[in-house]
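Only this structure's heavy atoms are used, side chains among them; waters, hydrogens and symmetry mates stay out. Proteins come first, then strands; the chains are lettered A, B, ... in the order of their sequence lines, and each starts at number 1.
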2 protein chains.
Amino acid sequence: MSSPPLVDRLRARNWRLTAQRRVIAEVMEGEHVHLSAEEVLQRARQRLREVSLATVYNTLNELVAMGEVKPVDAGSGATRYDPNTGASHHHLVCLGCNQLLDVYLDPSATAIELPPSERHGFRILGEEILFRGWCPSCSDQV
Amino acid sequence: MSSPPLVDRLRARNWRLTAQRRVIAEVMEGEHVHLSAEEVLQRARQRLREVSLATVYNTLNELVAMGEVKPVDAGSGATRYDPNTGASHHHLVCLGCNQLLDVYLDPSATAIELPPSERHGFRILGEEILFRGWCPSCSDQV
DNA sequence: GTATATGCAAAGCATTTGCATTAAA
DNA sequence: TTTAATGCAAATGCTTTGCATATAC
């Protein structure tokens with residue numbers, strides 16, 4: 001059910017494990033993590049002072065290439081990185097404060113397959129659903 | 001069924017109609033238009049030499065604010081702008097060449113409502129579905 | 001005539017890159 | 001020892017902004 005920690009999976013891939021990569025991977029551990037590169041940097045620095053933003057980007061890009069992390073682009077601003085690649089889920093974003101939450105749809109209801117007539121000859125690899133709305137506290141302020 | 005041309009709808013809103021805004025609106029007329037700001041500029045300039053990129057951005061942002069155009073962020077690079085706000089549809093993007101196509105799902109199958117238990121107290125305004133895959137010609141090249 | 005749009009050039013962010021230095025294996 | 005990662009600073013790409021000028025109404 002639950003997979004081994006990210007750091008262990010990375011070690012198993014023979015990924016060259018530097019101190020920087022280790023702390024970044026530790027920051028990216030978890031189920032509801034949706035951090036921007038800048039936020040990853042801040043948290044990584046709490047564990048290890050010598051981490052640079054360039055290394056955060058390099059590392060996140062590699063994790064994305066490996067399929068260990070998924071970039072989430074909800075418009076407005078910076079890409080956020082989601083380490084939850086196992087369980088199929090989607091996202092809910094607040095139009096006010098931009099916060100990003102995971103949402104889980106009933107897989108039976110989520111038969112969101114593109115009918116062949118709408119595939120335009122593409123080899124479909126996946127789909128992303130983004131719900132937009134106002135979170136409770138932003139709703140109040142409007 | 002089909003709404004009046006964009007330019008007419010804008011006039012009806014008492015939108016100050018400059019030459020630049022008119023040509024930009026003309027470029028944004030249509031059902032399967034997914035242009036970036038830069039592309040809008042190029043096409044607008046074919047009709048009117050004195051249009052600047054700043055004006056294109058200003059105008060597109062206003063059209064978005066009015067709800068006449070929807071920004072589509074498919075990752076990698078520039079936002080594209082979609083004037084098809086009437087018919088509910090979704091998007092298919094090629095991982096290779098980045099081309100963006102409209103796809104129409106059967107509305108009955110598209111009962112993609114977020115169950116209350118997954119709404120986190122949000123007032124949901126809408127949802128976007130993005131399918132990713134390889135288009136025929138990019139498939140061949142891999 | 002007055003409020004508002006335009007265009008330019010500069011500024012702002014997010015992200016990438018080149019290259020000398022450093023560290024993992 | 002060799003190969004690859006780091007960090008800095010500069011460069012890039014997209015988008016926004018300030019302000020003087022021009023224009024729709």
Ranking D:dT15, C:dC8, D:dC8 by distance to the side chain of A:A54, first place goes to D:dC8
Any side-chain N or O of A:Q20 below 4.0 angstrom from OP1/OP2 of D:dG7? yes
Phosphate OP1/OP2 of C:dT15 contacted by A:T79 side-chain N/O (<4.0 Å): yes
Between C:dG7, D:dT16, D:dC8, which one does the side chain of B:S52 approach most closely? C:dG7
From the list D:dT6, C:dA25, C:dT6, which nucleotide is the closest neighbour of the side chain of A:L17? C:dA25
Keeping the roles fixed (side chain from B:R22, backbone from B:L17), state whether a donor-acceptor pair exists under 3.5 Å. no
For A:L60 and C:dA14, give me the distance from atom CG to atom C1', rounded to whole Å. 13 Å
Side-chain N,O (A:N61) to OP1/OP2 (C:dT15) below 4.0 Å: no
Mind calculating the distance between CD (A:E62) and P (C:dA24) to the nearest angstrom? 16 Å
To the nearest Å, give me how far apart CZ (A:R49) and P (D:dC8) are. 12 Å
Are any of the side-chain nitrogens in A:E62 or A:R21 under 4.0 Å away from the carboxylate oxygens of its partner? yes
How long is the line joining CZ of B:R21 and P of D:dA22, in whole Å? 19 Å
Could you give the CZ-to-P distance, from A:R11 to C:dA24, as a whole number of Å? 14 Å
Kindly say if A:Y57 contacts the phosphate of C:dT16, meaning a side-chain N or O under 4.0 Å from OP1 or OP2. no
Below 4.0 angstrom, N of the basic side chain to O of the carboxylate: do B:E29 and B:R9 qualify? no
Report yes if at least one side-chain N or O of B:T18 is closer than 4.0 Å to OP1 or OP2 of C:dT4; otherwise report no. no
Tell me: CZ of B:R80 to C1' of D:dC14, nearest whole Å? 13 Å
Would you say B:R16 places a side-chain N or O within less than 4.0 Å of OP1 or OP2 belonging to D:dT23? no
Once you apply a heavy-atom cut-off of 4.0 Å, does B:N58 come out as touching a base, just sugar-phosphate, or nothing? base
Of the candidates C:dT15, D:dA5, D:dT15, the side chain of A:L53 sits closest to C:dT15
When we call it a touch if two heavy atoms are under 4.0 Å apart, what does B:E50 touch: a base, just sugar-phosphate, or nothing? sugar-phosphate
Go nucleotide by nucleotide along DNA chain D from the 5' end; which of B:Y81 and A:V56 gets its closest nucleotide reached first? A:V56
For the pair made of CG in A:L48 and P in D:dA5, what is the distance, rounded to whole Å? 17 Å
Enter the distance from A:R43:CZ to A:I24:CD1 here, rounded to the nearest 0.5 Å. 13.5 Å
Gap between atoms CG and P, on A:L10 and C:dA24 respectively (whole Å): 17 Å
Lys/Arg-Asp/Glu bridge criterion (N-O < 4.0 Å) met for A:E68, A:R13: yes
Nearest-0.5 Å distance, CZ of residue A:F131 to CD of residue B:E118: 9.5 Å
